[in-house]
Amino acid sequence: AKGVSLAVHGLGAGSVLRSCVDAADQPVRVRPQGLTRHPHRAPVSARDMNELKETLRGVEQRYKLFQQQQFTFISALEHCREDAHDKTRPVSSIGQVQDYMDHHCHNSTSRRVLRMFLDICAELSGLCQHFEALHTGTPATNTLLEKCKTLVSQSNDLSNLRAKYPHDVVNHLSCDEAKNHYGGVVSLIPLVLDLMKEWVAHSEKLPRKVLQHVSEPQECQEAPGAAACPRQGTGARPRPRKPKCGQLSRDGRSPRGKDKASSKPPWRPSGGKL
């Protein structure tokens, strides 16, 4: 009986030993402490901000092309209003322009310029979502973002909008058109672009740690045995390093301690000449 129990215990010990060995062979995954994100830090990098500014510049370039066709845009809206028997109501929302293009636009040129306007508005709406995802924001940036989101809403009333100097889109309209019909719809895009550029300017003034994806210095400090990480930010000048002992300095002078030896005259034999 003792032999049977010892054999059973021996098998149990062997299986436990094998399981321990198998567990030791498997790698243990540990999340580096430096990669833990701060709960109040938004995942934004300088590259993301540069990409956003590049996208905004692209929208500005498309708007400049649209601005050159403002007369065609007003003419297209005029024809659509006539077809819809809607001459008394001003063009007061993006949804109204969409309805005109879908149901009352029968000209390819008019359809093209209306589509250009709607596409720019859709891009601005997408930029608002991109802005909101970049960082948590400050009271100033959040206020600007809310204004942008309200303006590019499909049902927002644009009839009271008027773009002022330096914008001249309203000046290109007649008095009746600017006051009663199209002053708001032509002022929408330049006003939103101004708010977005102001948002970018405020965001660039935020501390660098708010715009960083992960704090690299913290990762180097908290991860033991990790390689040294560069601590300079983008555009920072490297600190000059002191020359080591025995190395020549940059200006070609010999290191300290050898100047006296190099200044001694050459050896001469006693009582003779060279």
Side-chain angles (χ1 to χ4, degrees), residues 44 48-49 51-74 76-78 80-81 86 89-102 105 112-173 177-206:
V44 184
D48 294 333
M49 183 62 69
E51 290 178 356
L52 185 145
K53 291 194 295 184
E54 189 66 27
T55 304
L56 185 58
R57 280 192 291 266
V59 176
E60 286 186 278
Q61 293 299 323
R62 283 185 286 277
Y63 170 67
K64 289 180 180 179
L65 295 176
F66 171 77
Q67 190 176 1
Q68 297 172 2
Q69 306 179 48
Q70 179 172 315
F71 178 79
T72 307
F73 178 63
I74 297 301
L77 290 176
E78 189 72 19
C80 291
R81 292 173 66 235
D86 198 13
R89 188 172 57 138
V91 181
S92 58
S93 67
I94 300 175
Q96 188 176 352
V97 178
Q98 182 74 54
D99 181 72
Y100 283 164
M101 192 193 72
D102 293 340
C105 187
R112 177 183 56 80
V113 72
L114 293 180
R115 170 58 60 189
M116 185 182 298
F117 171 80
L118 294 172
D119 287 345
I120 294 175
C121 292
E123 287 181 297
L124 294 175
S125 179
L127 275 176
C128 288
Q129 298 177 2
H130 196 179
F131 285 178
E132 195 170 16
L134 275 179
H135 62 81
T136 54
T138 62
T141 58
N142 290 338
T143 300
L144 294 170
L145 183 58
E146 287 301 321
K147 289 182 180 179
C148 292
K149 291 167 63 176
T150 301
L151 289 175
V152 297
S153 174
Q154 289 283 322
S155 58
N156 182 56
D157 188 6
L158 311 174
S159 56
N160 294 325
L161 289 181
R162 294 296 182 273
K164 299 179 180 180
Y165 182 82
H167 304 293
D168 58 353
V169 289
V170 178
N171 297 334
H172 293 167
L173 303 174
E177 290 175 341
K179 183 178 180 179
N180 299 321
H181 304 296
Y182 310 115
V185 71
V186 300
S187 301
L188 170 64
I189 297 177
L191 291 179
V192 175
L193 287 175
D194 286 347
L195 291 173
M196 287 187 169
K197 286 186 284 187
E198 190 176 355
W199 185 95
V200 171
H202 278 281
S203 299
E204 288 182 329
K205 295 178 183 179
L206 294 177

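Residue numbers count from 1 along this sequence.
In this structure, the separation between CZ on Arg115 and CD on Gln98 is 5.5 Å, given to the nearest 0.5 Å. In this structure, the separation between CG on Leu161 and CD1 on Ile189 is 12.0 Å, given to the nearest 0.5 Å. Interatomic distance, CD of Gln68 versus OH of Tyr63, reported as 11.0 Å (0.5 Å rounding). Here the CD atom belonging to Gln154 is positioned 11.0 Å from the CG atom belonging to Asp99, to the nearest 0.5 angstrom. Separation of atoms CG (Leu56) and NZ (Lys53) is listed at 10.0 Å; rounding is to 0.5 Å. Rounding to the nearest 0.5 Å gives a distance of 8.0 Å between CD of Gln129 and CD of Glu132.
In this structure, the side chains of Thr138 and His202 stay at 4.5 Å or more apart for every pair of heavy atoms. In this structure the side chain of Val113 reaches within 4.5 angstrom of the side chain of Phe66, judged on heavy atoms. Residues Leu124 and Leu188 have side chains not in contact (no heavy-atom distance under 4.5 Å, counting atoms from C-beta outward). Residues His181 and Ile74 fail the side-chain proximity criterion, which asks for heavy atoms closer than 4.5 Å. Using a 4.5 Å heavy-atom cutoff, the side chains of His167 and Asp194 are in contact. Using a 4.5 Å cut-off on side-chain heavy atoms (C-beta onward), Leu65 and Gln61 make no contact. Here the side chains of Met116 and Phe73 are not in contact, with every heavy-atom distance at 4.5 Å or above. Between Phe131 and Thr141, every side-chain heavy-atom pair lies at or beyond the 4.5 Å cut-off.
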| request: Just do the side-chain contact (heavy atoms from CB on, under 4.5 Å) check on Lys149 and Leu145 with the steps written out, would you? | output: CA-CA 6 Å; Lys149 291 167 63 176; Leu145 183 58; 4.0 Å; yes

| said: Show, in sequence, the C-alpha distance, side-chain angles and deciding distance for Val91 and Val97, and conclude whether the side-chain contact (heavy atoms from CB on, under 4.5 Å) test is met. | reply: CA-CA 7 Å; Val91 181; Val97 178; 3.7 Å; yes

| side-chain contact (heavy atoms from CB on, under 4.5 Å) evaluation trace for Glu204 with Val200 | CA-CA 6 Å; Glu204 288 182 329; Val200 171; 4.1 Å; yes

| task | Given side-chain contact (heavy atoms from CB on, under 4.5 Å), test Leu195 with Leu151 step by step and report yes or no. | result | CA-CA 10 Å; Leu195 291 173; Leu151 289 175; 3.7 Å; yes

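A side-chain donor-acceptor contact under 3.5 Å links Gln70 to the backbone of Val169. Between the side chain of Arg162 and the backbone N or O of Ala178, at least one donor-acceptor pair lies under 3.5 Å. A donor-acceptor contact shorter than 3.5 Å is absent between the side chain of Ser93 and the backbone of Ser155.
Nearest heavy-atom pair, Asp157 versus Ser159, reported as atom, atom and distance to 0.1 Å: OD1-OG, 2.9 Å. The two residues Cys105 and Leu114 have their closest heavy-atom pair at SG-CD1, 4.2 Å. What you find for Ala163 and Ser187 is that their closest heavy atoms are N-OG, 2.9 Å.
Salt bridge annotation for Arg57-Glu60: absent, with no cationic side-chain nitrogen under 4.0 angstrom from a carboxylate oxygen.
Just one residue in the list Asp86, Leu158, Val185 forms a side-chain contact (heavy atoms from CB on, under 4.5 Å) with Gln96, and that residue is Asp86.
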